[in-house]
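Heads up: the structure comes next, in structure tokens.
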Amino acid sequence: MSSGDRTLFAGLDIGGTTTQVVLCADDLTVLDRAEVATPAADGGRAMVGAALGALAPLLRRTPGRLAGAGVGAAGVVDSAAGRILVASDSFTGWAGFAVTDAVEEALGVPAFLDNDVNAFLYGEVFGGAVRGASDVLGMTLGTGVGGALWTGGALFAGPHGAAGEIGHIPGFGDLPCSCGGRGHLETLASGRSIGARYAERTGRRLTAREVAHAARHGDQDALAVYQAAGVGIARAIVMTAGVVDITTAVVGGGVARSWPLLEPFIRAALAAEPPVSGHPIRLVRAALAGDAVPVGAVARARRELTAGVGV
Ligand SMILES: [Zn+2]
């Protein structure tokens with residue numbers, strides 16, 4: 001087969017500040033990539049237009065036939081209809097926007113839309129750290145804490161698209177959360193919260209990465225903040241295992257870059273409070289890093305098209 005016959009998939013990750021696009025081969029190998037600022041204040045058409053504009057040169061310089069496109073986006077999405085349902089305040093004209101219609105019209109191939117955390121989990125299951133696993137909790141520790149569930153070999157989104165949203169259930173203390181609730185896992189384990197918890201203890205404002213650096217140099221407050229995050233993450237994993245009997249948890253996002261610091265705290269708490277099944281949870285760090293969402297969006301598109309399921 002010449003490279004001109006190669007099947008290609010496009011993956012678009014439309015985030016609040018940055019949009020990433022990748023062009024993948026059939027086996028999810030990333031052949032080319034680009035990044036562009038998201039024009040989040042200019043409406044859905046401009047945002048999708050910026051992503052397609054970044055993709056155009058990739059399509060021109062990569063021989064092959066585009067078969068489909070996957071899109072990952074922050075917020076609550078209607079995956080079946082390919083629309084954004086709820087978007088954060090940082091977006092203008094994004095809620096209600098028909099993303100897949102716009103992408104299909106521009107590219108002439110079927111397109112699929114997922115929430116970015118669900119796309120992250122697709123990526124890790126099909127091309128990342130938990131390849132082939134059938135029952136997985138995916139967690140992203142970024143600005144916020146996201147979660148997604150993979151059960152019985154398929155994504156489980158639930159009737160409102162909120163299944164696996166482990167970042168926003170109570171039982172993790174009493175601190176106010178970014179969502180308006182209290183005592184959510186996010187108040188312990190997001191990048192923003194790690195900085196805030198450290199500032200409360202010390203009066204010093206650092207980023208999560210800087211707190212991790214301090215912890216590695218023996219700063220007891222920094223260690224305590226990461227330990228609280230690790231204990232919270234472990235508890236969320238055990239709670240999930242008790243409800244849906246997962247075998248595996250995969251953790252990604254910016255905070256997971258401090259995995260050597262975080263992992264022992266999670267493992268110690270999991271050992272002290274094991275799942276009721278008696279089967280230890282396999283805990284792994286995400287493997288795709290910054291590519292997880294666009295590659296995961298491609299994995300979703302490939303799965304739909306291979307299974308012969310239409311839009
Ligand atoms: Zn919350």
Side-chain angles (χ1 to χ4, degrees), residues 14-17 40 72-79 84-91 94-95 114-121 136-150 155-201 205-209 211-212 224-244 246 249-258 262 265-266 269 273 286 292-293:
I14 301 176
T17 53
V76 181
V77 312
D78 181 340
S79 189
I84 306 292
L85 292 178
V86 183
S88 83
D89 294 345
S90 50
F91 293 99
W94 192 225
D114 275 290
N115 159 276
D116 54 359
V117 186
N118 290 348
F120 155 83
L121 188 49
V136 186
L137 170 66
M139 295 176 68
T140 55
L141 313 174
T143 309
V145 172
L149 261 185
W150 191 264
L155 186 88
F156 179 68
H160 311 104
E165 280 293 353
I166 197 72
H168 296 284
I169 59 171
F172 299 85
D174 191 41
L175 294 160
C177 186
S178 66
C179 70
R182 291 190 86 89
H184 295 175
L185 174 61
E186 182 169 305
T187 66
L188 301 177
S190 72
R192 195 162 41 191
S193 296
I194 284 170
R197 301 294 84 83
Y198 184 77
E200 283 161 10
R201 296 175 75 101
R205 290 226 146 262
L206 301 181
T207 64
R209 183 180 278 196
V211 177
V225 166
Y226 269 91
Q227 181 171 27
V231 168
I233 292 161
R235 176 154 298 171
I237 291 170
V238 170
M239 288 163 72
T240 306
V243 177
V244 290
I246 49 163
V250 59
V251 182
V255 173
R257 281 198 291 257
S258 302
L262 194 58
F265 292 130
I266 305 175
E273 211 172 32
V293 174

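Note that the structure is predicted; figures quoted are calculated from it, not measured. Just follow the structure's listing: the first ligand is 1, and inside any ligand the first atom is 1.
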Are any non-hydrogen side-chain atoms of [X] and [Y] less than 4.5 angstrom apart?
| X | Y | result |
| --- | --- | --- |
| Thr240 | Leu149 | yes |
| Ile14 | Trp94 | yes |
| Ile266 | Ile237 | yes |
| Arg197 | Leu175 | yes |

Does Tyr226 have any side-chain hydrogen bond (donor to acceptor under 3.5 Å, both in side chains) partners at least two apart in sequence or in another chain, and if so, which?
-> none

Between the side chains of Glu186 and Ser178, does any donor sit under 3.5 Å from an acceptor?
-> yes

Protein N/O/S neighbour count - the Zn ion (ligand 1), strictly under 2.8 Å = 4

